[in-house]
Each structure stands twice: as structure tokens, then as C-alpha cells.
Amino acid sequence: MTITAGAPLAEAPAAQAARTPWARKALPWALTAVLLAGAWVVNAVALPDSASEAPFVSAATVGGTATAGNLTAKVIGVHAARSINDPSGWTAEGTWLVVELDAEAVDSQYGSMLSVAELTIGDRTFRATERGQTMFRTGALVPGVMRHGALAFELPEDALKGTAALRLANASTVADNGVIELPIDLGGIPIEDDITLPETGWAG
Amino acid sequence: MMTIPTPLRPIAHAESTPPPRRDGWWRTNRLALVALLVLVPLVGVGVWWNEWYSYYGYGARKVTAVQVPKDGTIELGGATWGPLKSGEAKDTSGLDMPAGTRLLIASVPVKPDGTAVTCDSPLLVQQSTGREWAPLRSEVGIPFSSDEPERCVNDLADPANPASVKPYSMVVGFVVPDDVDGPFWLDVDPTGDGRFVRFSLNP
Amino acid sequence: MLILMTAAPPSPVQERTLLTRVRRMASLIPTPWLITAGGAILLAATAGFGGLADAAVAPVPTVTVGEQYSGSDLTLTVQSVELRTDRGNALVFPKEEKGEKVLAITLEATNTFHAPRSASAAEAVAGIRVKGIQGEPTISRVDGGGGAVLQPDVPAQLVLAWIVRSDELHDGDAVELTLPDSTHFVGTNVLKGQDYWSDIVVGATLTATVTEIPPQGDGSTS
């Protein structure tokens, strides 16, 4: 017995189309439009790849105390000078930015140090100098007890203009860790002839 | 005479045997569902263990505390530790102490079994919060002294024999804020595995 | 007639049909034409790029003392080449009784990258070599403050020191230095997001005459 694929079957789809309500025909198009719009929104709000490692930023002001991660710090003053020296007698000329601060750890003294100290000016990033006696990567940060000291940044001659961002952290890298961020108005800092770095010791 | 022959078999009525029921979704997929139930937790545990082991599994970090009985000793990692002597330094007039803090001093006798034992400095841990302090010495003006090591040392009684390490005591001082109350633990982590020695410290 | 498409392998009749159809389609493609055309393009491209002969190697530039050189995202200006017995601020320790001396090269280095870099990195100042003397230099600051991190756009006065035997170099000898060049990359895999310099090559050579600083009286530093 053969099934004759004849006229009745051929006629059915066309007839069906003529009888389907307009709304049902438009439904797939409407769904496509909604999904496309949704995809565009998701793409627009999606964070960049590096967002999963972005640091937790805690904003600070000069004189105020801020906490981020295992670091609590209070920046006491920001100065600029054409030459710096330290209690051991070392001296260096150049364009220097000196940040005086108190810092302590929060949870643990084990491995605690002021290991991230960066100054970002425009598209350049500077790191605190390891020369001379400063608080940079030297000495322990104690939970609950503030240490007082300074950081020095060696800058190019023409760099003391515009705004800069100072970032401090008690962690080996900034990724996934807390970081204290302080905006600095470089143009508003008077440039002194010589600054003596304070000796690192207990605050207060 | 022709009669209607009796049927050889009774006529099977359509209603006497119900049509076979099709299996439900749960039944058809029972093998996959059981597999999921077993494999998902297994994968979760496997990934967790792998990450945990890569961080804690190599003995470099403190993992398992071995509590020392009060005024007692314990043997761990190739040495006998204790008994702990500790207290608050009463007279800190000659030292460079910050305001609002006290100096807690601890002395941990170490008797190696023979060969040298290495360990990091002891850590003072506040039991209620888990905050840790590490020893300070030059920061408060206490000079370095080879009689008061702050970490495990290995002075040989007989220089030719590496298994003749002399017993000694680690003497450490911690600068702790006044508002941080005990009780504390003093943790010493000998290198080797993740077990570490935990003394109770109540100044 | 309805042809049933099933999962079972096609029957022998259908298989012959399929193979025959494939063969027929394949025979329509002008394979010899394509091979000839491909060969012609390959030959034309090779000829266009200069044939199979070796490409000419660009000569390595030379610089002189006092001239600025740029390479590895640094600018270097060699200021002096000296042979001395007194180490000054350099962190090398010549043994006087063996007659060892210090070959000290003073230069100014400026990091032209936008982030701090170590002068001791293989592609940076530590990549400078002296022909005939083994090893990388010991880098110190002229003002003795230690620290070999070069901040962006901040010129640093550095001393590069090697220990040499007294019979190796004399006053007035010519020494040839090689200055490094490299390419900057941003890591994408293990070093993801990190800056590193690779493909270290000789960027320039410098020939200078050694000046011997005679040993001063006791107690004074050069």
C-alpha cells in the first residue's frame, strides 16, 4: 500500500499559513529581538577580564586613617624637595616626593611589610625608592601599634605637576588584595631645598 | 448440520490487558541522575582537596595544632618543646616601647633529638580573634644576643658530629596593645609537615 | 518512491551510487590546473621576496663615549671607562695581593618605559658586556646609595664594575663593549599581564680607551 503524496498534503501548509494568527507568526521574531537586546546589554555591562584580580581600593585623605587588607595607614604629610638625606648621612639630589606616614598591620604581623608603595602620575608608575632609610619594604608592621616613617619617590624633573595617585598595600602584589589609595595634588606642594627623612620608629 | 464453530481461543478483549504504560522521565533517566548525584559531590571534593593540598599540603604552613598540656612538654618534628615560661615585662623603662602597649616575653626550651630542627620564630596568637604578633627585638631596643635565639638554631656540641645539637631556649618578646586581652596561644612551627606546637599563654 | 534514511549502513546498491557520485564530482575539479597555479604563486612570491639567498644582515651600529644609545627601553650614555685599584662605591672586592684591579664603567641610564625596572635584569644595564672579560657587571650607584631600580624617565648615574687581573688590561688599551637591545612583551600565559623583555641581541658596540687611575695615597677614594 503506497501513501500517495498528493494534492491534499501539499495544500495543507499554505492553507495553514493563511489561517495562523499574525501574532503567532511574529513570535519568533519578537523573541529574537529580545534575546539580541539582552545580549547587547550583557556585553555592555560586562567587566574586563582583569576585573577578577582587581584590588579592593580604600580611599584615603591626608591626615585620615584608612584600612585596606592587612594595612591601616595614616598619611601625615606630603612634601617635595630637590635633595633628600637620611640619618645615616646618605644624600641624593633630584626631584623627590617624600610621604610621611604612620602604618600598622590589622590581623597578622607574619610577613607584614609596606611592600607596595606606588605613585601613578599620568601614564607612568613610580615605586618608592629602596635607597636610604625609609619604611619601604623595611621593618615589620605590628597589628594595633602604629609605626612612623617615610617613603621617598624619585621623579623626573618636570613631574611635579597635575595629580598623582599614591597606592599603599601590605601584600606582595596589588592583585586580589586591599590597597589604600590617596590622591595628591602635585602642583600644590611647595618644593623645598632639602628634606631629612625621619627615622622609622614608633608613632606618637 | 453446520453450527458456528466455537472459537479455539477466547477472544482477547482490548480492555482486559491495559496498554503498556510508557516510562516516565525520572525512570528513563535514572542512571544519569544517580551518576550526577555521585559525581557532582565527588568533583567538588576533588577540586577542593587539590587546591587545599597545593596550599597547605607541603608542610610550609601551620595546619594542625598539637596542644601542649599546661607546663608540660611535647615531642614533635624531632625535638622536645616546653615547658613554656612566659610573663609580662614589668620594667620597660630602658626600652623604646610605644605608648599603650605591653611587652610579653616567652621562653621556649627546645631539646632536639639529635639532628638540627629548623623552625620560624614563634607567633603569639590571640585566641578570640586569631590576630598574630611576631617577635620584636631591635625595634624596642633589645640588642641581639646569641644566648637568646628567636628561632631554632643548631649549635653542635661536637663540631664533627651533626647529631649532637645542644638544647637551648628561644627567648622572644612581643609588643601587644593594652586593649588586646588574652588568653593567647604561642605557636611554634617546625619545618617538616603541617603540624605545629601550640602552647597556651595567659599573662 | 520514498527513500528511507536510516542509521543502518547503506546497502551495496546505494554505496556504489554514493562513491560514483563522489568520483564524478572529484573529476570535475581541475586538479592539474590548481597545482600549476599554486606552484606559480609560490615561485612568484619567493622571487618577490628576494629568492632563496640569505637576507643581508644589517651591520651593528657603533656608539662612542658620551653618545646616547637607545635600546631595551633604556637610554644609555657611557661617560668613562677606568681601570683602578680602589673600588670606590662599586660592590666588588679586588684582592690586592693577587694584583686584581677594577674595570669601572660610569654611565647614565634612563628607563624610558612607563614603570620601574631593575637595572640588573639581563636585558637592561646588566646586559652590557666587555669583549674578553667574562661575566656580567656588578652594578652600583655612583653616590653609593645602593638600589638598582630605575624609575621611569629618571636618569641614574651607575658604575659597572668587573674584577680584572693586572695582566689583562693596561692603561691605554682599547676595550669593546656590547650594549643590549631587546623586545618588550606583555605575558599572556604564565606571566599574564606582566611586562618582560626577550630576544636579547647586541644593539650597539662601543670602543673606548681605558684610563688607569693610579692608586691614591692611603685613605682617599677616587
Side-chain angles (χ1 to χ4, degrees), chain A residues 52-53 65-76 86-88 100-115 132-151 169-173 175-178 197-204, chain B residues 51 55-56 60-63 88-89 92-104 106 119-142 144 150-151 172-182 184-189 191 196 198:
Chain A
S52 61
E53 291 178 351
T65 310
T67 302
N70 196 18
L71 176 71
T72 297
K74 179 168 97 168
V75 173
I76 299 166
D86 78 4
S88 79
E100 206 184 330
L101 73 155
D102 287 344
E104 68 179 29
V106 177
D107 291 319
S108 171
Q109 192 181 330
Y110 182 66
S112 262
M113 268 199 310
L114 198 54
S115 25
Q133 284 177 7
T134 64
M135 252 181 116
F136 182 58
R137 295 188 182 164
T138 312
L141 294 179
V142 184
V145 190
M146 285 281 201
R147 294 280 283 172
H148 174 87
L151 298 166
N170 175 2
S172 51
T173 64
D176 299 324
N177 283 307
L197 296 175
E199 217 175 314
T200 306
W202 300 112
Chain B
E51 296 301 316
Y55 191 76
Y56 288 109
R61 295 190 166 83
K62 322 189 276 177
V63 180
E88 190 179 322
T92 57
S93 48
L95 303 174
D96 176 20
M97 288 286 294
T101 62
R102 60 199 201 278
L103 184 69
L104 295 177
C119 70
D120 225 350
S121 304
L123 287 173
L124 187 75
V125 182
Q126 185 183 25
Q127 290 189 19
S128 51
T129 59
R131 293 172 85 192
E132 323 181 294
W133 282 262
L136 290 175
R137 187 170 275 259
S138 56
E139 292 86 344
V140 291
I142 304 174
F144 167 79
E150 290 195 327
R151 49 171 61 88
V172 287
F174 303 95
V175 174
V176 181
D178 285 334
D179 54 11
V180 169
D181 296 317
F184 297 97
W185 286 311
L186 188 82
D187 292 346
V188 182
D189 183 18
T191 51
F196 64 98
R198 175 161 273 180

**Report entry** Crowding at NZ, B/K62 (>12 non-hydrogen neighbours, <6.0 Å)
**Finding:** yes
Query - Over 12 foreign heavy atoms within 6.0 Å of CD, A/E199 - result: no
Query raised in the report: For B/E139 and A/A140, which heavy atoms make the closest approach, and how far apart are they?
Result: OE2-N, 4.4 Å
Requested in this report: Over all heavy atoms of both residues, which pair between A/P143 and B/P177 is shortest? Give the atoms and the distance, please.
Outcome: O-CG, 3.7 Å
Query - B/D96 portion near chain A, given a 4.5 angstrom heavy-atom threshold - result: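 B/D96 touches chain A through backbone and side-chain heavy atoms alike.
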Query raised in the report: How many angstroms lie between atom CG of B/D187 and atom OH of A/Y110, to the nearest 0.5 angstrom?
Result: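 The CG atom of B/D187 sits 11.5 Å away from the OH atom of A/Y110.
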Query - Note, A/V142 side chain near B/F174 side chain (heavy atom, < 4.5 Å) - result: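 The answer is no, as the side chains (C-beta and beyond) never meet within the 4.5 Å cut-off.
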Query raised in the report: Hey, which of B/L124, B/L123, B/V175, B/L136 is the one that makes side chain to side chain contact (heavy atoms under 4.5 Å, CB included) with A/Q109?
Result: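 It is B/L136, the one option of B/L124, B/L123, B/V175, B/L136 that forms the side chain to side chain contact (heavy atoms under 4.5 Å, CB included) with A/Q109.
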